[in-house]
2 protein chains.
Amino acid sequence: MSKDAISIGLSVAIVSVEGEKPSVLVIARLGEADALPFGPFDPAHHRTLESGLREWVGQQTHFELGYTEQLYTFGDRGRHLPAPGLRSDRAARVVSVGYLALTRQSAADVPQSEWRGWYQYFPWEDWRGGKPAMIDSVILPALKKFTKGAEGAQSEARRARVRLCFGDGLPWDEEKVLERYELLYEAGLVEEYFRDSGAAGQAPALGTAMLYDHRRILATAIARLRGKLKYRPVVFELMAPVFTLLELQRTVEALAGLKLHKQNFRRLVAEQGLVEGTGKFSTPARGRPAELFRFRREVLRERPAPGLRLGTRR
Amino acid sequence: MSKDAISIGLSVAIVSVEGEKPSVLVIARLGEADALPFGPFDPAHHRTLESGLREWVGQQTHFELGYTEQLYTFGDRGRHLPAPGLRSDRAARVVSVGYLALTRQSAADVPQSEWRGWYQYFPWEDWRGGKPAMIDSVILPALKKFTKGAEGAQSEARRARVRLCFGDGLPWDEEKVLERYELLYEAGLVEEYFRDSGAAGQAPALGTAMLYDHRRILATAIARLRGKLKYRPVVFELMAPVFTLLELQRTVEALAGLKLHKQNFRRLVAEQGLVEGTGKFSTPARGRPAELFRFRREVLRERPAPGLRLGTRR
DNA sequence: AGACTTTATACTCATTTCGAGTATAAATGT
DNA sequence: ACATTTATACTCGAAATGAGTATAAAGTCT
């Protein structure tokens, strides 16, 4: 009579940038795979999904969430294990709601958790030093095999997907993080922790694994953030109160995984009125000191959709 | 020992455009408020959230979902009633996952459901005939009251929100559908069906009410669709196999709630290679016949992010 | 001190895109 | 014939974009 229970898992990719390294907060339990801060939604105590999330994160990492945004709700059977602690006859199906949170890097105490560079999980996503060699040497050959592993129309569909995600003719679209991850997942090229690695060894396992669907959530987070950069001033959530324009540029580049044209970046930021000079200057080890700027919070009230169009790669 | 149960509600805004009227499929039970097709996710029988949704929609409307996209997951207490049929001591908390689906208008049999023009629920969102008079005559005065109903900083924050949503200095942003709805909701200017209408009569109730949070989901759907138009060729999901450029333009205008510049729209569509001529022509009642075009599905394989930038209003 | 390195910042320039028109063509109805 | 309606081609200036060059301000090296 009683239906199978449902449990709602709340997971969050908490992102910050240290120097030029975009990072995500992971819970590192020894011997286990990296996991995002995670906990079940408890309708008796949580007024909203987001407040439930805040509570879990607070408990697990002693961390106060600032800017937070819901990403997606995943409900696929087979990409999650039942939550522990339930009697097996009533094993709950887990539906997973993913979030993105942004924060300034605080070296503060975050017990049992660590900042990890996100490109460790997605090494093919960092194009700041040019196209990652692994795409041509590992990914494309393996995907070619995957394409050939299907018949007729399905093979054609796979070929088209490969081309859109990694293709040579097309320009790199830094926002297609999730599409690329899903393609690699279906091709068996990324392994996650819950999966029976029966086929392991046959194909290269790309990037570091995570627990359950956490890497999928992280991919969604990166994609969303890369998109949002361009039409909302979200970068400033990641910056110190004052910063040089180059620091701002490096942060954007770190997130987008691209190099940008310096002079044009500066022009863009200035024209948009996103930023105002403080009259103070940095004291660099080498080179001319740069003026320190601060974010003009007022733009949020003035302009409807301010952001940093990235322009093309340099 | 047993926690409060959670139930996951799946709701979908199925959108089509008939002529120049963007419409949504609603279940009209007599005496009750309009509702979107809706049903609980059943983990025992549904492999994914989306397949569960498809099943419910099939049952309720005999309708096959085509293009479908997840919108958002709402979990707020107080914007939903417990699902019926559960004993009250275990009343389930409902978490609501909203979807958007697009379809060509089929006058086919959709029992117990009807197509409704979506501007009936959001009359302030249709600017094709210029700024709706109700904004200045009803909405802004009521929001002014709402602003004054708060103290100091909160009042200031409300004023800023009003300005961003409906403000005079700023250009109309057709994508802020959800922000505007939420503002009106908080100001008590829209009533929904489950709410105790204690304060009714004090303030104007704008637009037609819907069940629970269904109007919120519809607002999210409209906002998402208006945004997506610009960078993905989703309009074509709503068009007949062949169409004139003016029909295409009228459809886009209906969705965006804006008038567009005809010559520039045509230039855009042509340059983007989204469309190809069939060599055949329409036979209009009046005026010169227009060439019939079809969507070039290939662009999905060629170009990474095709869409119809709208430009500004005419 | 003067040359050289490093980073910051100002300014230029050609190309493309965008918004808003004008001009002309092809149908119908009176 | 001519007014009306809709389609489609073409123009033109303003703004945005991509890719520079030029110059300034610091420190280091000899």
Side-chain angles (χ1 to χ4, degrees), chain A residues 19-20 127 171-172 174 229-231 242-253 256 258-294 303 305-314, chain B residues 19-20 127 171-172 174 229-231 242-253 256 258-294 303 305-314:
Chain A
E20 308 193 356
W127 284 55
W172 178 253
E174 77 280 357
L229 278 180
K230 293 164 191 159
Y231 60 95
V242 299
F243 46 83
T244 69
L245 293 183
L246 188 58
E247 284 164 358
L248 182 64
Q249 183 181 343
R250 293 287 178 244
T251 303
V252 171
E253 288 175 340
L258 296 173
K259 284 272 190 209
L260 302 176
H261 186 284
K262 192 169 169 179
Q263 295 93 322
N264 290 349
F265 180 83
R266 143 184 305 271
R267 173 174 68 187
L268 206 71
V269 173
E271 274 173 1
Q272 298 249 101
L274 288 171
V275 118
E276 67 189 352
T278 62
K280 296 181 181 174
F281 288 81
S282 69
T283 53
R286 297 174 313 197
R288 174 174 164 179
E291 185 166 7
L292 294 168
F293 289 81
R294 76 164 61 87
R303 312 202 333 100
L308 294 169
R309 285 161 269 136
L310 303 191
T312 53
R313 181 169 342 116
R314 263 250 48 185
Chain B
E20 309 195 353
W127 284 55
W172 177 254
E174 77 281 356
L229 277 180
K230 292 165 193 158
Y231 60 95
V242 300
F243 46 83
T244 69
L245 293 183
L246 187 58
E247 284 165 358
L248 182 65
Q249 182 180 343
R250 293 288 178 243
T251 303
V252 172
E253 289 175 340
L258 295 173
K259 283 274 190 209
L260 302 176
H261 185 284
K262 191 170 171 180
Q263 296 91 323
N264 290 349
F265 180 83
R266 143 184 304 271
R267 173 174 69 188
L268 206 71
V269 172
E271 275 174 1
Q272 298 250 101
L274 288 171
V275 119
E276 67 189 354
T278 62
K280 298 183 181 171
F281 288 82
S282 68
T283 52
R286 297 173 312 198
R288 173 175 165 179
E291 187 167 7
L292 293 170
F293 289 81
R294 76 165 60 86
R303 313 201 334 98
L308 296 168
R309 286 161 266 136
L310 303 191
T312 52
R313 180 169 343 116
R314 261 249 52 187

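Chain identifiers are assigned alphabetically (A, B, ...) following the order of the sequence lines, protein sequences preceding nucleic acid strands; residue numbering begins at 1 within each chain. Any value given below was found using the heavy atoms of this structure, including those in side chains, with hydrogens, waters and symmetry copies removed.
- Between Gln263(B) atom CD and dC18(C) atom P there is a gap of 16 Å when expressed in whole angstrom units.
- Counting only heavy atoms from C-beta outward, the side chains of Leu258(A) and Trp172(A) approach each other to under 4.5 Å.
- For Arg250(B), the side-chain contact (heavy atoms from CB on, under 4.5 Å) partners are Glu20(B), Leu246(B), Glu253(B), Lys259(B), not counting sequence neighbours.
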Might you work through the side-chain contact (heavy atoms from CB on, under 4.5 Å) test for Thr251(B) and Phe243(B), ending with a clear yes or no? CA-CA 11 Å; Thr251(B) 303; Phe243(B) 46 83; over 6 Å; no

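- Spacing between atom CG of Leu258(B) and atom P of dG19(C) amounts to 12 Å, rounded to whole angstrom units.
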Start with the C-alpha gap between Val269(B) and Phe293(B), add the side-chain angles, then the distance that decides, and say whether side-chain contact (heavy atoms from CB on, under 4.5 Å) holds. CA-CA 11 Å; Val269(B) 172; Phe293(B) 289 81; over 6 Å; no

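- Whole-Å rounding puts the Phe243(A) CZ to dT7(C) P distance at 20 Å.
- Across the protein-nucleic acid pair, Lys230(A) atom NZ and dA16(D) atom C1' stand 17 Å apart, rounded to whole Å.
- Residues that satisfy the side-chain contact (heavy atoms from CB on, under 4.5 Å) test with Arg288(A), not counting sequence neighbours, are absent from this structure.
- Closest to the side chain of Leu268(A), out of dA7(D), dT17(D), dC18(C), is dT17(D).
- Side-chain proximity of Asn264(A) to dG18(D), dA20(C), dA10(C): nearest is dG18(D).
- To the nearest angstrom, C1' of dA7(D) lies 15 Å from CG of Leu248(B).
- Here the C1' atom of nucleotide dT9(C) and the CZ atom of Phe265(A) are 15 Å apart, to the nearest Å.
- At the phosphate of dA8(C), OP1 or OP2 sits under 4.0 Å from a side-chain N or O atom of Lys262(A).
- Atom CG in Leu292(B) sits roughly 11 Å away from atom P in dA7(D) (whole-Å rounding).
- Interface residues of residues 284-291 of chain A facing DNA chain C, ordered by number: Arg286(A), Gly287(A), Arg288(A), Pro289(A), Ala290(A), Glu291(A); criterion, heavy-atom separation under 4.0 Å.
- Judged by closest nucleotide on DNA chain C, Leu246(A) is the one of Arg267(A) and Leu246(A) placed further toward the 5' end.
- Looking at Leu292(B) and Ser282(B), their side chains come closer than 4.5 Å, going by heavy atoms from C-beta outward.
- Evaluation of atom-type donor-acceptor distances gives no pair under 3.5 Å for the side chain of Glu271(B) against the base of dT16(C).
- Distance, Arg266(A) CZ to dA19(D) P: 19 Å, rounded to whole Å.
- Distance alone, capped at 3.5 Å, is enough to place a donor-acceptor pair between the Glu291(B) side chain and the Gly279(B) backbone.
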